[in-house]
Amino acid sequence: MGRRKLVVGNWKMNGLRAQLGEVEAIGGLARDHAAVEVGLCLPATLIAAADGVKGGAFIGAQDCHMKANGAHTGCLSAAMLVEAGASWTIVGHSERRQDQGETDADIAAKALAAKAAGLKVILCVGESLDVRDAGNAEAVVSAQLLASLPEGAAADWLAIAYEPIWAIGTGRIPTMEAVATMHAALRAALASRIGADADAMRILYGGSMNGDNAAELLAIADVDGGLIGGASLTAEKFAPVITAAA
């Protein structure tokens, strides 16, 4: 089944208004490669300004709270993100699972809150090096996906991002065979829960994809795009990834 490639930059805790020119340039790349869906998940402080210069790209957030409002100092609701100009959000990124102690149940709740406010969602799952070395990666990550998957999960509002945690920002990647095996396992796990709609859901690769390896990774059957970190911070570095997806 043909799935439109989805390539999303995650700027993490990077980016000031001085970098809005990069957002605009990436938006131009997105317009020039309309066959690919391109987005940037930015710090919340940039979402509103970036929405005005996004061109052909979409602007997303990096997280949202599971509650619509309330006494949650420092948090942002999905409705706030939509009002600022976001149309997508990431939930369950490994850095939030590890650093903020977020659970699978938290992630599922955040995804549902995002959907209720009209946001599309990239739900992240992945394994540590210990799990990989123990030979349990596919089983562990598939179980994490099923535990994090929200009710009503469907391809029209949800995408999955596989993050080999040990590869993020290190330049290391699993073998292409290992990536293919993991993505196929995640597709099978989705099918066990949502049936035939699993064929339409996009599964992104989220571990150190860049201009040097994007073409090879994106040629794998069940790799439907990428969640890109450092290589998305400038249009120059992001361009070859977008081109490879096209």
Side-chain angles (χ1 to χ4, degrees), residues 3 5-13 41 62-63 88-111 114 121-150 153 155 158-194 198-199 201-210 212-214 216-232 241:
R3 293 179 292 267
K5 287 288 195 283
L6 173 60
V7 177
V8 183
N10 175 16
W11 279 23
K12 305 188 181 184
M13 198 172 71
C41 290
Q62 297 173 13
D63 186 49
W88 286 75
T89 188
I90 299 169
V91 299
H93 193 280
S94 59
E95 290 159 2
R96 293 202 60 86
R97 290 180 185 262
Q98 292 176 333
D99 297 346
Q100 276 73 42
E102 294 182 1
T103 66
D104 294 334
D106 292 334
I107 307 316
K110 288 184 174 195
V121 175
I122 299 168
L123 191 162
C124 299
V125 294
E127 87 278 17
S128 66
L129 185 58
D130 287 346
V131 170
R132 168 61 59 178
D133 287 345
N136 299 323
E138 289 80 18
V140 168
V141 179
S142 294
Q144 185 186 62
L145 172 60
L146 294 177
S148 303
L149 203 65
L158 183 69
I160 308 302
Y162 163 58
E163 307 177 284
I165 297 168
W166 48 274
I168 299 171
T170 66
R172 297 177 58 190
I173 61 169
T175 65
M176 297 298 151
E177 181 181 6
V179 173
T181 299
M182 178 63 80
H183 279 242
L186 293 175
R187 182 92 52 208
L190 286 169
S192 75
R193 180 67 59 82
I194 65 172
D199 289 336
M201 192 168 292
R202 291 176 289 186
I203 305 176
L204 315 183
Y205 178 75
S208 294
M209 184 184 286
N210 56 50
D212 294 331
N213 58 33
E216 190 174 10
L217 285 163
L218 291 166
I220 297 170
D222 283 305
V223 175
D224 304 311
L227 182 61
I228 319 298
S232 71
V241 179

When you compare the side chain of [Y] with that of [X], does any pair of heavy atoms fall below 4.5 Å?
| X | Y | answer |
| --- | --- | --- |
| Pro174 | Thr181 | no |
| Leu149 | Ile194 | yes |
| Ser94 | Trp166 | no |
| Met209 | Leu218 | yes |
| Arg132 | Met182 | yes |
| Ile203 | Leu190 | yes |
| Val8 | Trp88 | no |
| Pro150 | Val121 | no |

### Query
Do Lys12 and Ile168 pass the side-chain contact (heavy atoms from CB on, under 4.5 Å) test, and can you show the C-alpha distance, the side-chain angles, and the key distance before you say yes or no?
CA-CA 12 Å; Lys12 305 188 181 184; Ile168 299 171; 3.4 Å; yes
With rounding to the nearest 0.5 angstrom, report the [atom1] to [atom2] distance, [X] to [Y].
| X | Y | atom1 | atom2 | result |
| --- | --- | --- | --- | --- |
| Ile160 | Asp222 | CD1 | CG | 12.5 Å |
| Leu204 | Leu217 | CG | CG | 12.0 Å |
| Glu163 | Ile90 | CD | CD1 | 8.0 Å |
| Asn213 | Met176 | CG | CE | 6.0 Å |

#### Entry: Listed partners of Ala185 passing side-chain contact (heavy atoms from CB on, under 4.5 Å), at least two apart
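Scan of Ala185 (side-chain contact (heavy atoms from CB on, under 4.5 Å), adjacent residues dropped) gives Glu138, Ser142.
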### Task
Looking only at non-hydrogen atoms, find the nearest pair between Ala198 and Ala191 and report the distance.
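Reported closest heavy-atom pair: CB-N, 3.4 Å.
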### Query
What class does the angle between the rings of His183 and Tyr205 fall in, given that below 30° is parallel, 30 to 60° is tilted and above 60° is perpendicular?
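Taking Tyr205 first and then His183, their aromatic rings sit tilted (interplane angle of 30° to 60°).
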### Query
Does atom CD of Glu216 have more than 12 heavy-atom neighbours, drawn from other residues, nucleotides or ligands, at distances under 6.0 Å?
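At most 12 heavy atoms, drawn from other residues, nucleotides or ligands, come within 6.0 Å of this atom.
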Would you mind writing out the side-chain donor-acceptor pairs for residues 100-108 within the sub-3.5 Å range, not counting sequence neighbours?
residue : atom : partner : partner atom : Å
Glu102  : OE1  : Lys110  : NZ           : 3.4
Glu102  : OE2  : Arg96   : NE           : 2.7
Glu102  : OE2  : Arg96   : NH2          : 3.0
Glu102  : OE2  : Lys110  : NZ           : 2.6
Thr103  : OG1  : Ala105  : N            : 3.4
Thr103  : OG1  : Asp106  : N            : 3.1
Thr103  : OG1  : Asp106  : OD2          : 3.2
Asp104  : OD1  : Arg97   : NH1          : 2.6
Asp104  : OD1  : Ser148  : OG           : 3.1
Asp106  : OD2  : Thr103  : N            : 3.0

### Query
Will you find, in the side chains of Gln62 and His93, an N or O donor that is under 3.5 Å from an N or O acceptor?
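No, no side-chain donor-acceptor pair sits under 3.5 Å.
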### Query
Taking Asp224 as the fixed residue, which of Arg187, Lys5, Arg202 is the one that meets the salt bridge (Lys or Arg N to Asp or Glu O under 4.0 Å) rule?
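Single salt bridge (Lys or Arg N to Asp or Glu O under 4.0 Å) partner of Asp224 among Arg187, Lys5, Arg202: Arg187.
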